[in-house]
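Worksheet: one structure, shown below.
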Amino acid sequence: MILIPFLLGISATLTLPPFYIFPLVIPAYGGLFLLLKRAETPGQAAKIGFFWGWGFYISGLYWFVIALLTDPDRFAWLIPFALFALTAVIALYTTLFAWSWFRIRLHGIGGAVAFSALWTAIEWLRGHLFTGFPWNLGGYVFGISDASIQLAAQLGIYWLTFVAVLLGTICVVHKRVAILCWALLAASVGWGAWRVHQAPQEFVEGVRIRLVQANIQQHHKWAPALQMQGLQAHIDLTQSAELEKVTHIIWPETAVPYVLKENSTLAVRLGLVLYPGQHLITGVLRGDQDRITNGIAAINPEGKIVGAYDKFKLVPFGEFLPLRWLIPDALETPVGMRDMDRGDGAKTLDWPGLPLVSPLICYEVIFPELALRGDKKPAWLLSITNDAWFGNSTGPYQHLAMARMRAVEQGIPMVRVANTGITAAYDGYGREIARIPLNQKGFVDIGLPKAAK
């Protein structure tokens with residue numbers, strides 16, 4: 001009763017990046033359907049759902065532990081909480097699903113459809129309640145190829161999740177209909193291949209962007225003796241060969257590990273890195289003694305901040321501490337004694353020399369609804385992040401897949417710059433333009449793709 005649903009939850013993780021073992025949707029979701037069919041009480045069904053979810057979240061979010069191991073002397077006490085307790089709390093969503101399904105259990109083809117619809121509804125709740133956490137939705141299995149991900153342009157990630165669950169569930173309900181559903185999937189992949197093949201790859205005239213990945217390890221990033229060294233690493237990569245051919249340089253989240261203020265010596269120093277007409281777009285801390293935000297600043301050669309954005313979707317337990325009043329002051333947490341402040345909200349920005357852009361800092365890219373913001377549609381998406389917290393785990397690949405999905409959903413390019421990787425750029429069809437692999441130092445120059453047609 002415990003081990004089988006736990007293992008089925010793990011199999012669902014293996015359908016997602018970086019594994020993409022697509023056929024495992026059958027045991028992952030079809031197996032859960034059969035287990036719940038045999039449940040005799042609501043409590044038994046809830047137990048099955050809980051252990052399925054616990055297996056899924058422990059195997060998919062084990063990198064929580066890696067984040068804490070960046071400073072084990074201070075945060076090792078949180079490891080059992082992060083690996084077992086926090087994942088158990090998230091597994092309450094699958095518990096709720098299983099309990100609810102027991103109450104309305106349907107059979108046959110209609111049952112498979114209702115099962116998939118209820119699953120998707122609960123996943124939507126996971127993505128929105130209590131600040132939301134839509135990480136590793138089942139629909140990300142379709143990121144396995146350029147052809148299969150094209151469905152996102154029509155359906156979006158939540159409908160793709162419905163399709164993934166249905167493809168698994170229908171196989172244990174009706175074999176002939178299952179063959180039809182998988183045949184339709186094959187046809188949709190064929191359509192996706194045609195869509196990608198016939199789509200031209202065009203670039204915005206007069207824009208050339210340098211993406212910089214300095215590969216600063218997390219335990220070095222905030223060490224006072226090494227902060228300036230990390231900043232200099234970004235400067236050195238920026239001033240590499242053929243900088244004069246570039247119009248914009250992008251650094252990752254908190255690449256400038258200091259509070260950046262208008263007309264400051266630091267701002268002027270950053271401006272000196274640039275040629276006339278160029279702009280630096282970098283992750284920074286913004287604010288003063290009363291307010292600190294995780295932000296982006298666009299800086300011109302004179303050191304003037306000509307554009308800015310402050311993150312407003314903050315990471316629970318990373319940038320703010322839920323229920324902080326329950327935590328004794330003597331216990332050190334990754335957040336510290338003070339939460340980050342939220343920005344004013346979602347924005348589409350007009351930065352010098354660039355089409356309209358929607359910026360997404362780290363965690364914000366996992367939320368589909370944040371990609372299009374404001375009263376004007378952006379021409380491209382910019383995601384800056386510091387994935388050093390993930391270490392050498394599946395986390396950076398999961399995070400990258402979500403960024404790519406946003407590009408295809410909206411039909412506009414995604415430029416993603418990460419501290420330790422994976423830095424990458426995609427056009428509006430999800431085709432990769434460039435990449436700097438995980439844990440490698442370097443830079444890459446790209447043109448900015450035009451939106452999909």
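Counting heavy atoms from C-beta on, the side chains of W351 and L382 come closer than 4.5 Å. Counting heavy atoms from C-beta outward, M402 and P134 have side chains that stay 4.5 Å or more apart. At a threshold of 4.5 Å between non-hydrogen side-chain atoms, the residues L243 and I249 count as touching. Residues L129 and Y93 form a side-chain contact, since some pair of their non-hydrogen atoms from C-beta on lies under 4.5 Å apart. A heavy-atom distance below 4.5 Å is found between the side chains of N392 and N439. For the pair W54/I10, no side-chain contact is recorded, criterion being any heavy-atom separation below 4.5 Å from C-beta on. In this structure, the side chains of K304 and I299 stay at 4.5 Å or more apart for every pair of heavy atoms. Residues F56 and I90 form no side-chain contact, since every pair of their non-hydrogen atoms from C-beta on lies 4.5 Å or further apart.
The minimum heavy-atom distance linking I281 with A298 is given by the pair CG1-CB, 4.2 Å. Between P378 and V357, the shortest heavy-atom distance links the atoms CB-C, 3.9 Å. For the pair T120 and Y158, the tightest heavy-atom approach, listed with the atom from each and the gap, is CG2-O, 3.2 Å. Heavy atoms only, all atoms of each residue included: R404 and G143 are closest at NH1-O, 2.9 Å. When all heavy atoms of Y20 and A401 are compared, the pair lying nearest together is OH-CB, 3.7 Å. The nearest pair of heavy atoms linking A152 to M405 is CB-SD, 3.3 Å.
Taking the six-membered ring for Trp and thresholds of 30 and 60 degrees, W124 and H128 have nearly parallel ring planes, at less than 30 degrees apart. Using the six-membered ring where Trp is involved, H399 and F390 have ring planes that are perpendicular, over 60° apart on the 30 and 60° scheme.
Put simply, the side chain of Q154 never gets that close to the backbone of L151: no donor and acceptor are under 3.5 Å apart. For the pair R416 (side chain) and I422 (backbone), a donor-acceptor distance under 3.5 Å is present. Judged by distance alone, with hydrogens and angles left aside, the side-chain atoms of W251 form no donor-acceptor pair with the main-chain N or O of V212 at under 3.5 Å. In this structure a side-chain-to-backbone donor-acceptor pair under 3.5 Å is present from E409 to I157. Remark: side-chain polar atoms of S11 are paired, donor with acceptor, to backbone N or O of L8 under 3.5 angstrom. S358 contributes a side-chain N or O that, together with a main-chain N or O of A371, makes up a donor-acceptor pair within less than 3.5 Å. Checked by atom type and distance alone, the side chain of W52 pairs as donor or acceptor with a backbone atom of A28 at under 3.5 Å. T423 contributes no side-chain N or O that, together with a main-chain N or O of V417, makes up a donor-acceptor pair within less than 3.5 Å. Between the T94 side chain and the G49 main chain, a donor and an acceptor come within less than 3.5 Å of each other. Using a distance-only test at 3.5 Å, with no hydrogens or angles considered, no donor-acceptor pair links the side chain of E253 to the main chain of G283.
Taking a cutoff of 4.0 Å between a charged side-chain nitrogen and a carboxylate oxygen, D310 and R286 qualify as a salt bridge. With salt bridges taken as basic N to acidic carboxylate O contacts below 4.0 Å, none links D146 and R431. A salt bridge links K453 with E202; the closest basic N to acidic carboxylate O contact falls under 4.0 Å. Residues K441 and D236 are not paired through a salt bridge, judged by the lack of any N-O separation under 4.0 Å between the basic side chain and the carboxylate.
Taken from OH in Y275 to CD in Q239, the straight-line distance is 8.0 Å, to the nearest 0.5 Å. Between L360 atom CG and L370 atom CG the span is 6.5 Å, to the nearest 0.5 Å. Between T282 atom OG1 and I384 atom CD1 the span is 6.5 Å, to the nearest 0.5 Å. Taken to the nearest 0.5 Å, the CG atom of L231 stands 12.5 Å off from the CG atom of L226. Summarising the geometry, atom CD1 belonging to I361 is positioned 12.0 Å from atom CG belonging to N386; distances are rounded to the nearest 0.5 Å. With rounding to the nearest 0.5 angstrom, the CD1 atom of I58 is 6.0 Å from the CZ atom of F84.
Considering I412, I433, L400 in turn, L400 is the only one that fulfils the side chain to side chain contact (heavy atoms under 4.5 Å, CB included) rule with Y426. None of W63, Y57, F64 except one satisfies the ring pair (Phe, Tyr, Trp, His ring centres under 6.0 Å) rule with W135; the exception is W63.
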Walk me through it: do L266 and Y258 pass the test side-chain contact (heavy atoms from CB on, under 4.5 Å)? CA-CA 9 Å; L266 177 58; Y258 305 99; 3.9 Å; yes
Check step by step if side-chain contact (heavy atoms from CB on, under 4.5 Å) holds for L69 and I79. CA-CA 8 Å; L69 288 175; I79 288 176; 3.7 Å; yes
In sequence, state the C-alpha distance, the side-chain angles, and the governing distance for V415 and L381, and then conclude on side-chain contact (heavy atoms from CB on, under 4.5 Å). CA-CA 6 Å; V415 176; L381 303 171; over 6 Å; no
Dump the intermediate steps for side-chain contact (heavy atoms from CB on, under 4.5 Å) on L270 and V256, then the final yes or no. CA-CA 9 Å; L270 293 174; V256 178; 4.0 Å; yes
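Within 6.0 Å of CD1 on I4 lie no more than 12 heavy atoms contributed by other residues, nucleotides or ligands. Around the CH2 atom of W222, the shell of radius 6.0 Å holds more than 12 heavy atoms that belong to other residues, nucleotides or ligands. At most 12 heavy atoms of other shown residues, nucleotides or ligands fall within 6.0 angstrom of atom CD in E205.
Judged by a 6.0 Å distance limit and a 45° cone about the ring axis, K311 is not positioned over the six-membered ring of Y363.
Checked against the 6.0 Å centroid criterion, the rings of F162 and W119 do not qualify as a close aromatic pair.
For the 3.5 Å distance criterion, the side chains of Q218 and N419 fail to qualify, holding no donor opposite an acceptor.
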